[in-house]
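No hydrogens, no waters, no symmetry mates; every other heavy atom, side chains included, goes into these values.
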Protein chains: 4
Amino acid sequence: MDDSAITHLTEATREKLRQTVAKIERLEEEKKEVAEQIKEIYAEAKAFGFDTKALRQVIKLRKIDKADRDEQEMMLETYLIALGEE
Amino acid sequence: MDDSAITHLTEATREKLRQTVAKIERLEEEKKEVAEQIKEIYAEAKAFGFDTKALRQVIKLRKIDKADRDEQEMMLETYLIALGEE
Amino acid sequence: MDDSAITHLTEATREKLRQTVAKIERLEEEKKEVAEQIKEIYAEAKAFGFDTKALRQVIKLRKIDKADRDEQEMMLETYLIALGEE
Amino acid sequence: MDDSAITHLTEATREKLRQTVAKIERLEEEKKEVAEQIKEIYAEAKAFGFDTKALRQVIKLRKIDKADRDEQEMMLETYLIALGEE
DNA sequence: GTTGATCTTATTTCTC
DNA sequence: GAGAAATAAGATCAAC
């Protein structure tokens with residue numbers, strides 16, 4: 001960050017900026033960690049013998065379903081059965 | 001994933017599948033929440049008067065800088081080994 | 001894309017489609033050739049005794065540096081406008 | 001590039017290294033340009049009224065086909081007809 | 001309402 | 001062949 005560029009910001013504004021950047025970077029770090037945990041789950045599932053491509057499809061279908069349950073009834077039923085839920 | 005493929009999973013395997021799906025969905029929920037928090041920070045910053053486009057650039061630049069710094073740490077050593085010399 | 005959808009395209013449109021597909025395929029072929037040339041350069045470098053892993057890092061670092069420089073050019077100006085100051 | 005790190009390379013080797021890096025960077029630039037040209041073709045096709053999603057599928061199918069012609073005969077016939085080729 | 005930007009997912013590619 | 005990285009594709013959302 002180039003000091004000369006922000007010299008004429010008030011100290012309060014500069015402080016606000018610093019905090020904002022810090023918060024965003026911390027949250028992005030968190031997000032990254034969660035994303036890595038998800039990858040780990042998929043890796044474990046694969047090691048266990050699941051087809052991760054199919055697994056991803058299931059997740060996606062269930063996600064669509066949550067938003068759109070009414071229009072997708074047949075599909076819903078299909079994958080609920082697939083997951084062994086009745 | 002088709003019905004016939006699933007039907008003869010053992011109950012243990014089906015249980016494992018259920019747990020895997022549940023874990024992934026929970027983590028994706030977490031990730032989504034963090035993403036929303038990030039959006040909120042940007043919204044607040046905008047309300048405060050910051051230019052969010054520029055703010056995003058700052059974040060991005062700092063990320064590049066960090067990658068750059070990390071890489072440069074490895075680099076002196078690497079160059080020597082790397083360029084065919086010891 | 002289904003048959004019935006295509007059948008009643010005009011000949012002019014079909015010709016346009018053919019040309020479009022041909023152009024894309026030619027360009028993808030070109031891209032593939034260039035990628036192969038890059039691989040060859042790395043292979044030659046390796047044969048010459050260079051450590052290709054390090055070479056790749058050099059290329060990558062220079063790319064980051066370039067992105068960094070480009071971004072920094074925009075940055076002074078951007079910061080000022082950006083951070084809510086004129 | 002840190003001079004002190006490569007000082008003890010012979011001038012010939014350094015020159016070779018420079019040329020290698022330059023060649024790779026030039027080729028990567030070329031590759032990038034070709035990729036941009038492909039994007040342009042898709043943009044033009046879209047402006048013309050083609051469904052780019054379908055277009056991408058056609059390209060993909062034809063690519064698979066090239067590698068795998070025998071196993072894909074019915075599919076092949078379908079999209080050859082679709083493209084108006086007999 | 002359409003382009004543009006961002007973010008995420010998916011596929012491919014490369015290396016080990 | 002498996003894991004990581006690069007590239008491409010698709011989806012989403014804001015801005016003009």
Side-chain angles (χ1 to χ4, degrees), chain A residues 24 27-28 31-32 34-36 38-64 67-68, chain B residues 24 27-43 45-47 51-60 63 67 70-71 82, chain C residues 24 27-28 31-43 45-46 51-57 59-61 63-64 67 78, chain D residues 24 27-28 31-47 49 51-61 63-64 67:
Chain A
I24 292 168
L27 287 168
E28 290 200 340
K31 190 152 73 90
K32 196 178 165 189
V34 175
E36 274 157 19
I38 292 171
K39 287 191 74 172
E40 277 171 37
I41 305 292
Y42 278 110
E44 285 167 22
K46 184 175 189 173
F48 187 82
F50 289 141
D51 176 343
T52 56
K53 191 171 176 177
L55 187 53
R56 283 176 197 279
Q57 282 177 326
V58 170
I59 299 288
K60 188 193 251 179
L61 285 169
R62 284 169 60 97
K63 199 183 292 176
I64 290 170
D68 202 31
Chain B
I24 291 167
L27 287 167
E28 290 200 341
E29 187 56 32
E30 255 186 69
K31 188 152 75 90
K32 197 177 166 189
E33 278 161 24
V34 175
E36 274 157 19
Q37 285 169 24
I38 292 170
K39 289 190 76 172
E40 275 170 40
I41 305 294
Y42 278 111
K46 185 173 190 173
D51 177 338
T52 55
K53 187 173 175 177
L55 188 53
R56 284 177 197 278
Q57 280 180 315
V58 171
I59 299 288
K60 190 180 183 183
K63 206 181 289 177
D70 290 347
E71 196 131 8
Chain C
I24 291 168
L27 286 168
E28 291 200 340
K31 190 152 74 85
K32 197 179 165 187
E33 277 161 24
V34 175
E36 275 157 18
Q37 284 169 26
I38 292 170
K39 288 191 74 173
E40 277 170 38
I41 305 293
Y42 278 111
K46 186 173 190 174
D51 177 338
T52 56
K53 187 172 176 177
L55 188 52
R56 283 176 197 279
Q57 280 181 312
I59 299 288
K60 190 180 184 184
L61 180 58
K63 207 181 287 177
I64 291 172
T78 304
Chain D
I24 292 168
L27 287 168
E28 290 198 342
K31 189 152 75 89
K32 196 179 165 188
E33 278 161 24
V34 175
E36 275 156 18
Q37 285 169 24
I38 292 171
K39 289 190 74 172
E40 277 171 39
I41 304 293
Y42 278 111
E44 284 167 22
K46 183 176 191 173
D51 176 344
T52 56
K53 190 172 175 177
L55 188 53
R56 283 177 197 279
Q57 282 178 326
V58 171
I59 299 287
K60 189 191 259 180
L61 285 169
K63 200 184 291 177
I64 290 169

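Under the 4.5 Å side-chain criterion, counting only non-hydrogen atoms from C-beta, A:E28 is not in contact with A:K32. Taking the side chain as every heavy atom from C-beta outward, B:E30 and B:L27 approach each other to under 4.5 Å. Between C:I59 and C:Y42 there is a side-chain heavy-atom pair separated by less than 4.5 Å.
With rounding to the nearest 0.5 angstrom, the CG atom of B:L55 is 13.0 Å from the NZ atom of B:K53.
Within the 4.0 Å cut-off from OP1 or OP2 of F:dA8, at least one side-chain nitrogen or oxygen of C:K31 is found.
Heavy atoms of D:K32 sit nowhere under 4.0 angstrom from any nucleic acid atom.
One interatomic measurement links the two molecules: CD of A:E40 to P of F:dG3, which rounds to 12 Å at whole-angstrom precision. Between A:Y42 atom OH and F:dA2 atom P the separation is 19 Å, expressed in whole Å. Atom CD of A:E36 is separated from atom C1' of F:dG3 by 14 Å (rounded to the nearest Å). In this structure, CG of A:L61 is placed 15 Å from C1' of E:dT9, rounded to the nearest angstrom. Summarising the geometry, the separation between CG on B:L55 and P on E:dA5 is reported as 18 Å, rounded to the nearest angstrom. For C:I38 and F:dA6, the CD1 to P distance is 13 Å, given to the nearest whole Å. The distance from atom CD of A:Q57 to atom P of F:dG10 is 15 Å, rounded to the nearest whole Å. We find that NZ of B:K63 is positioned 11 Å from C1' of E:dC7, with the value rounded to whole Å.
The residue among A:K53 and C:K39 whose nearest nucleotide of DNA chain E is located toward the 5' end is A:K53. Between B:K46 and A:K46, it is A:K46 whose nearest contact on DNA chain F lies nearer the 5' terminus. Taking for each of A:R56 and B:K60 the nucleotide of DNA chain E with the nearest heavy atom, the 5'-most of the two is the partner of B:K60.
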